[in-house]
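What follows is a single structure, written as structure tokens, with notes after it.
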Amino acid sequence: MSVQQYDEIGEAFEGFKSLPLTRYGEVPSFLGMVGDVSGKSILDLACGTGFYSREFKRRGAADVLGVDISVEMVAAARESEQRDPLGVRYEVGDVAELRPLDRRFDIAVGVQCLNYAEDIADMERMCRNIHRSLVPGGEFFVLAQKPDYGFDCPSLDTYGFRCEPTGEEADTGPRVRVTALLALQPISIVTTAPRREVYEKCLRAAGFSAVEWVPLQVSEAGVREFGADFWADLLAHPPLEMLRCRA
């Protein structure tokens, strides 16, 4: 499901980061949760075109490896590395079949990663592979669709996205169509919004502990740009949620 649709997007995926929800909600929230990465080694899973991989390197990470199942996404990430060399490595790989890596990492991140598991067993394999790739006590940070998002709440169009149920139910949770309202052409992706207990069960079965859900925030820059009232609906009904846990 995920490979073909992301191969077709390619470099256009970078445009997602300019939309208000992503620019002033997702990105500052996620970077704020991960915190100081100075001198740390980071495994960026479902890295896409390498946005977070590059950002972590700029923030002082010692070693960053980005892994994505999409050949086109990794190609775009490598092109960015060639244009602006930061020392980030990228490779094509499936998190559910992740090869044993040449080192263990201090931090793993998965932005829109676990929600692409085909079923609960697949998500548990992903979690076990990630746990195996971390040093003891290493941290894993996740960002994905909010598990209990209410689709009857105010529209997200104002913030650059549309989120709709497809009417299908996967083993992990409902299928969701997310559309990025880019200026040139909207781009839709079908994903899953796994249930909260599915995330927690799979992570704990893989050996993770201290599982903590973290709400989405809006940055001060976003409030300055649009005003507090603009963000009221988003904060009342956030479509994204984050979690953190420890190996």
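Between Tyr24 and Val223 there is no side-chain heavy-atom pair separated by less than 4.5 Å. Contact of the Pro165 side chain with the Pro174 side chain is not registered, since no non-hydrogen atoms from C-beta on lie closer than 4.5 Å. Between Arg196 and Asp148 there is a side-chain heavy-atom pair separated by less than 4.5 Å. The closest side-chain heavy-atom distance from Leu98 to Arg132 is below 4.5 Å. For the pair Val37 and Ile42, the minimum side-chain heavy-atom distance is below 4.5 Å. When side chains are defined from C-beta on, Gln112 counts as touching Gln145, because their heavy atoms get closer than 4.5 Å. Looking at heavy atoms from C-beta onward, Thr166 lies out of side-chain contact with Val176 at the 4.5 angstrom threshold. The shortest side-chain heavy-atom distance between Lys146 and Pro239 does not fall under the 4.5 Å cut-off.
In plain terms, the two heavy atoms of Val95 and Asn129 that are nearest each other are O-ND2, 2.9 Å. The two atoms that bring Leu181 and Leu19 nearest to each other are O-CD2, 4.0 Å, heavy atoms only. Closest approach of Gly173 and Thr192 over heavy atoms only: O-CG2, 3.5 Å. Nearest approach of Lys57 to Val64, heavy atoms of both residues: CD-CG2, 3.8 Å. Listed here is the closest heavy atom pair of Thr172 and Met123: CG2-CE, 4.5 Å. Between Trp213 and Pro147, the shortest heavy-atom distance links the atoms CH2-CG, 3.7 Å.
Ring centroids of Tyr159 and Phe230 are separated by less than 6.0 Å, placing the two rings close together. The aromatic ring centroids of His237 and Tyr149 lie 6.0 Å or more from each other.
Checking side-chain atoms of Arg104 against main-chain N and O of Pro136 turns up no donor-acceptor pair under 3.5 Å. Side chain of Arg23 to backbone of Lys17: no donor-acceptor contact under 3.5 angstrom is found. A distance-only check finds a donor-acceptor pair linking the side chain of Trp231 to the backbone of Gly222 [under 3.5 Å]. Judged by distance alone, with hydrogens and angles left aside, the side-chain atoms of His131 form a donor-acceptor pair with the main-chain N or O of Gly207 at under 3.5 Å. At distances below 3.5 Å, at least one donor-acceptor pair connects side-chain atoms of Asp171 with backbone N or O atoms of Ile120. Side chain of Glu81 to backbone of Gly87: a donor-acceptor contact under 3.5 angstrom is found. In this structure, the side chain of Asp68 does not engage the main chain of Val92 through any donor-acceptor pair within 3.5 Å. Checked by atom type and distance alone, the side chain of Asp106 pairs as donor or acceptor with a backbone atom of Ser41 at under 3.5 Å.
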(message) Under the criterion side chain to side chain contact (heavy atoms under 4.5 Å, CB included), I'd like the reasoning laid out for Tyr199 against Lys201: C-alpha separation, chi angles, the key distance, then a yes or no.
(response) CA-CA 6 Å; Tyr199 279 115; Lys201 174 180 178 293; over 6 Å; no
(request) Begin with the C-alpha distance, continue with both residues' side-chain angles, and end with the deciding distance and a verdict on side chain to side chain contact (heavy atoms under 4.5 Å, CB included) for Ser80 and Arg83. (result) CA-CA 5 Å; Ser80 293; Arg83 289 194 300 267; 3.2 Å; yes
(request) Test side chain to side chain contact (heavy atoms under 4.5 Å, CB included) on Val214 and Glu241 and set out the steps. (result) CA-CA 6 Å; Val214 180; Glu241 193 165 8; over 6 Å; no
(request) Given side chain to side chain contact (heavy atoms under 4.5 Å, CB included), test Phe51 with Val111 step by step and report yes or no. (result) CA-CA 11 Å; Phe51 175 87; Val111 174; over 6 Å; no
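Following chains of ILVMFWY side-chain contacts shorter than 4.5 Å, one cannot reach Val67 starting from Met73, and the two form parts of different hydrophobic clusters. Val34 is connected to Met242 through a chain of hydrophobic side-chain contacts under 4.5 Å among Ile, Leu, Val, Met, Phe, Trp and Tyr, so both are in one cluster. Both Val218 and Met33 are members of a single hydrophobic cluster when ILVMFWY side chains are connected at heavy-atom separations under 4.5 Å. Hydrophobic clustering of Ile, Leu, Val, Met, Phe, Trp and Tyr side chains at less than 4.5 Å, counting indirect connections, keeps Val109 apart from Leu114. Clustering ILVMFWY residues whenever any of their side-chain heavy atoms sit less than 4.5 angstrom apart, transitively, puts Leu101 in a cluster other than the one holding Val135.
To the nearest 0.5 angstrom, Phe161 atom CZ is 7.5 Å from Glu26 atom CD. One distance of note links CG of Leu65 with OH of Tyr90; it measures 9.5 Å at 0.5 Å rounding. Note: Leu45 CG to Cys113 SG = 5.5 Å, rounded to the nearest 0.5 Å. Atom-to-atom distance recorded for Arg89:CZ and Leu86:CG is 14.0 Å, nearest 0.5 angstrom. Separation of atoms CZ (Phe140) and CG (Leu203) is listed at 6.5 Å; rounding is to 0.5 Å. Rounding to the nearest 0.5 Å places CD of Gln217 at 10.5 Å from CG of Leu234.
Residue Gln185 qualifies as open at atom CD: its count of foreign heavy atoms under 6.0 Å is 12 or below. Within a 6.0 Å sphere centred on CZ of Arg78, heavy atoms belonging to other residues, nucleotides or ligands number more than 12. The neighbour count for Asp84 CG, taken as heavy atoms of other residues, nucleotides or ligands under 6.0 Å away, is above 12. Under a cut-off of 6.0 angstrom, the local environment of CZ in Arg244 is crowded, with over 12 non-hydrogen atoms contributed by other residues, nucleotides or ligands. For Glu220, the CD atom counts as loosely surrounded, since its 6.0 Å shell holds 12 or fewer non-hydrogen atoms of other residues, nucleotides or ligands.
With respect to Glu200 and Arg204, a salt bridge is recorded, a charged nitrogen being found less than 4.0 Å from a carboxylate O. Electrostatic pairing of Asp63 and Lys40 does not count as a salt bridge here, judged by no charged N lying under 4.0 Å from a carboxylate O. In this structure, Glu91 pairs ionically with Arg99, as a charged nitrogen and a carboxylate oxygen lie closer than 4.0 Å.
Cation-pi contact between Arg54 and Tyr52: absent, since separation from the ring centre below 6.0 Å together with deviation from the ring axis within 45° is not met.
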